[in-house]
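Atoms within each ligand, like the ligands themselves, are counted from 1 in listed order.
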Amino acid sequence: MREPSVSRFTAGRLSPIRRTADLRRLRDEEFDVLVVGGGVTGAGAALDAASRGLKVALVEARDFAAGTSSRSSKLIHGGLRYLEQLELHLVHEALTERGLLATRIAPHLVRPVPILVPLPTANPAMRVWQRAYYGLGVAAYDVFAGVFGGGRGMPLHRHLTRDGARHLFPSLRAEKITGAIRYYDGQMDDARLVVNLARTAASLGAAVVTSARVTGFLREARQVVGVRVRDLESPDQPEFEVRAKTVVAATGVWSDDMSEMLRDVGLRPGLRVRASKGVHLVVPRSAITGEAGLILRTATSVLFVLPWGGHWIIGTTDTDWQLDRSHPAASARDIRYLLDQVNTVLDRPLTTDDIEGVYAGLRPLLSGEADSTSKLSREHAVVEPMLGLLLVAGGKYTTYRVMAADVIDVAVRRLGGPARPSITDQLPLLGADGYAAAWRDRQDMARRHGVTTGVVEHLLERYGTLTVHLLAMMAAEPELAEPLAGSPEYLAVEVAYAALAEGALHLDDVLTRRTRISIETTHRGTESAEHAARVMGAVLGWDETIRAREVEHYLARVAAERQSQTMPDDLTADAARIGAPDVRGLAGDRLPGEGKGDLLEVEL
Ligand SMILES: Cc1cc2nc3c(=O)[nH]c(=O)nc-3n(C[C@H](O)[C@H](O)[C@H](O)COP(=O)(O)OP(=O)(O)OC[C@H]3O[C@@H](n4cnc5c(N)ncnc54)[C@H](O)[C@@H]3O)c2cc1C
C-alpha cells in the first residue's frame with residue numbers, strides 16, 4: 001500500500017532514488033504477490049494486485065516492455081479474424097477491453113485509427129458476395145462493440161465506392177479494387193502503455209524494479225516462497241532473495257525458462273509457450289498517400305499498413321523462431337516478403353530505400369501441455385505448476401487486463417481472506433484523469449506555458465495530464481524545451497523525464513521504448529544518441545566514461561541490427577544481431593540515485 005502522506009503522482013514516479021528504495025524493499029519485505037516480467041501482462045498483473053490492496057513487487061530483467069510488448073502492431077483490436085472464425089467470445093472480450101481502454105482506462109494513449117478493408121476486383125456476382133460478406137463482418141464488429149462491448153469508444157464503419165476508397169487512400173491501385181469498407185480500431189504506443197501501467201501500480205504502492213533478473217525460485221518443501229534476483233545494474237553484487245506468498249511469472253516467450261528452474265522437482269509445467277516471429281517495417285508517411293490504414297489478406301494471415309504519426313507501420317510476418325529471444329532479428333527475406341505483399345496494392349512500389357526502421361517481436365503462443373482444467377480461454381492460460389507459483393501466458397496485448405485479473409483472482413483465492421474482485425476496469429491510469437478537458441483546453445495550456453499548441457498536443461498524446469510536469473521542467477530549465485538532435489519531433493525534456501520518472505536506466509530504453517526514435521528515423525537514433533546521453537546523464541549522474549559507453553553500446557546495437565537485416569535467413573541474421581552485447585550487466589560502476597534526480601524531484 002502507498003504511504004498515505006505521499007501523493008499518487010509522487011508515488012508513481014519511477015526515479016533513480018525510487019529504484020534504490022524499491023530494491024531495499026525487495027530485500028527487506030515479504031510480498032503478497034511478486035510478479036516476474038514487466039511486459040504488458042506482468043505490469044497489468046502488478047496493477048491489478050496493487051489496486052486490490054495487496055502488497056506487490058514487480059521485477060523485470062531488462063526494461064519495461066523490452067520483450068514482445070514494445071514490438072506489436074500497436075493495435076487494441078477485437079480481431080476481425082476471430083470474427084471470421086466465429087470465436088465470438090474472444091471478439092466480445094477484446095472489444096469490451098478496447099472500449100474500456102479508449103474511454104476510461106487510457107484515453108490519452110489509445111486512439112481510434114481508421115482502417116480500410118479493400119474489396120478486390122472480381123466479377124459482378126463475386127463483388128456482391130464480397131461486399132455482403134465483409135460488410136456483415138464489419139457490421140457485426142460494430143454491433144459487438146456497441147451492444148456488448150461496454151462503451152464502443154470508436155466511430156462506426158462505412159461502405160466506400162472505388163472512388164471513395166481512393167479518395168481516402170490515393171496510393172491504392174485503382175485496378176485492384178472495386179471499393180472498400182472503413183472500420184475503426186484502437187491504436188496505442190505499446191511500450192508507453194506498459195510504462196504507464198507499471199507507474200500506476202507503483203502509485204498504488206507496488207515496488208517496481210527493472211534490470212532485476214530472476215535467476216531461481218526459493219522453495220520450502222514443495223512450495224515456492226520467493227525468488228532469487230540479480231541486480232543487473234550492480235553485477236558485482238551477490239544475488240539476493242525476495243520473499244513472497246505468491247509468485248506470478250508473466251514472462252511471455254520466457255515462460256518455459258521459469259518451469260525449467262523447477263525441473264529438479266520433476267513437475268509438469270502445466271503450459272508450454274512457443275515463439276513465433278513477427279516483423280514490421282516503418283516507412284515515412286510521404287512514401288504512401290493515404291488517410292487511413294489498410295488490412296490486406298495474405299496467403300497465411302493478414303497484413304496491416306497503419307498510419308503512425310509521420311510514418312507508416314507495415315506488418316507482419318509469422319514464422320517459428322528458436323534463436324535468441326531477447327533480440328529477435330529480421331532477415332532480408334522477412335523484409336522482402338513484407339515489401340512484396342504491400343506492393344501488390346500500392347501504385348508506387350516501396351523499396352528497401354524507403355525503409356526507416358525495422359522491428360521484430362515474438363508472439364508467446366501456447367503450445368501443448370496446457371492443463372485443460374486451468375485453461376481460462378482458448379487464448380491464454382493460468383496454471384499453478386507448484387504451490388506458490390502461478391504462470392500466466394498467451395493472449396494478446398488488447399486483453400492484458402483480463403489475463404491480469406484471471407491470474408490475480410487465483411492468487412487472491414490462494415492468499416485466503418475476503419475475495420476482493422478486480423477493479424481495474426474502473427481505474428484510469430496515471431495521466432488519464434481529466435484528459436478530455438486538458439485536450440479541449442490545449443490552446444490555453446500552450447499560451448499559459450509559452451509553448452506552441454503543437455508541443456502541447458504532442459505531450460498530451462504521450463503523457464496525458466502528466467504533461468504539466470514536463471512543462472514545469474521546461475520552464476525550470478529552458479534547454480529542456482529544445483528539440484532532440486536528429487529527432488526534432490521529440491523534446492529534450494522527454495529524455496530527462498524518462499530517466500527521472502519513467503524508470504529509464506539506459507540510452508537504449510529512451511531511444512527505443514520511451515520514444516520510438518530507433519524505428520522512426522533513417523539514422524535509427526545514432527544522430528540523437530550524444531544529445532540524449534547528455535540529457536539523461538545529467539539526471540542519472542553519468543560521468544564521461546559512462547556516457548561514452550552508453551553511446552558506444554547504442555551505436556553497436558544499431559550497426560548489428562542493420563547488418564542482420566541484410567542477411568538472407570534467420571540463422572545468419574541472428575548471428576549478426578547477437579554480435580552486439582546487451583547493455584544491461586555492463587553498467588556496474590553506475591550509482592543509481594546520484595545526480596540531478598534529487599534536485600528535479602522538488603519541482604514536479
Ligand atoms: C509481431 C507482433 C504483433 C502483435 N500485434 C498485436 C496487436 O496489434 N495487438 C495485440 O493486442 N496484440 C498484439 N501482439 C501480441 C502482444 O504483443 C503480446 O501478446 C504481448 O505483448 C505479450 O506480453 P507479455 O507481457 O506476456 O510478454 P512480454 O512483453 O514478452 O514480457 C515478458 C517480460 O518478462 C521478462 N522476463 C523474462 N524472463 C525474466 C526473468 N528471469 N526475470 C525477470 N524478468 C524476466 C522479459 O524481459 C519481458 O520483458 C503482437 C505480437 C507480435 C509478436
Is the shortest distance from a heavy atom of Val253 to ligand 1 less than 4.0 Å?
-> no
Of the backbone atoms (N, CA, C, O) and the side-chain heavy atoms from C-beta on, which set of His77 has a member under 4.0 Å from an atom of ligand 1: side chain, backbone, both, or neither?
-> side chain
Are Asp48 and Arg401 ion-paired here, with the side-chain N under 4.0 Å from a carboxylate O?
-> no
Do ligand 1 and Thr398 have nitrogen or oxygen atoms that lie under 3.5 Å from each other?
-> yes
Counting heavy atoms only, which part of Val40 comes closer than 4.0 Å to ligand 1: side chain, backbone, both or neither?
-> both
Quick check: does Thr68 get an N/O under 3.5 Å from an N/O on ligand 1?
-> yes
Could an N or O of ligand 1 be found under 3.5 Å from any N or O of Tyr397, whether backbone or side chain?
-> yes
With respect to atom 4 (C) of ligand 1, which of Pro364, Gly38, Ser72 exhibits the smallest heavy-atom separation?
-> Ser72
Applying a 4.0 Å heavy-atom criterion (strictly less than), which segment of Ala212 is in contact with ligand 1: side chain, backbone, both, or neither?
-> backbone
Just heavy atoms, cut-off under 4.0 Å: does Trp254 contact ligand 1 by side chain, backbone, both, or neither?
-> side chain
Could you walk me through whether Asp63 and Leu505 pass the side-chain contact (heavy atoms from CB on, under 4.5 Å) test, one step at a time?
-> CA-CA 8 Å; Asp63 182 27; Leu505 300 175; over 6 Å; no
Taking both backbone and side-chain atoms of Met258, is any N or O found less than 3.5 Å from an N or O belonging to ligand 1?
-> no
For ligand 1, the portion of His280 having any non-hydrogen atom under 4.0 Å away | side chain
Can you tell which part of Ala250 has a heavy atom less than 4.0 Å from ligand 1: side chain, backbone, both or neither?
-> backbone
Short N or O distance, Glu60 and ligand 1, threshold 3.5 Å exclusive | yes
Consider every N or O of Val279 and every N or O of ligand 1, then say whether any pair is closer than 3.5 Å.
-> no
For Lys74, the ligand 1 atoms whose distance to one of its heavy atoms is below 4.0 Å | 8 (O)
Between Ser211 and Arg584, a side-chain donor and acceptor under 3.5 Å | yes
Measure from atom 23 (O) of ligand 1 to every heavy atom in Gly39, Ser69, Ala61 and give the option owning the shortest one.
-> Ser69
Counting heavy atoms under 4.0 Å, the part of Val194 that contacts ligand 1 is neither
How far apart are the closest heavy atoms of Leu366 and Glu379, and which atoms are they?
-> CD1-O, 3.7 Å
Compute the shortest N/O to N/O distance between Ser73 and ligand 1 and return yes if it is under 3.5 Å, no if not.
-> yes
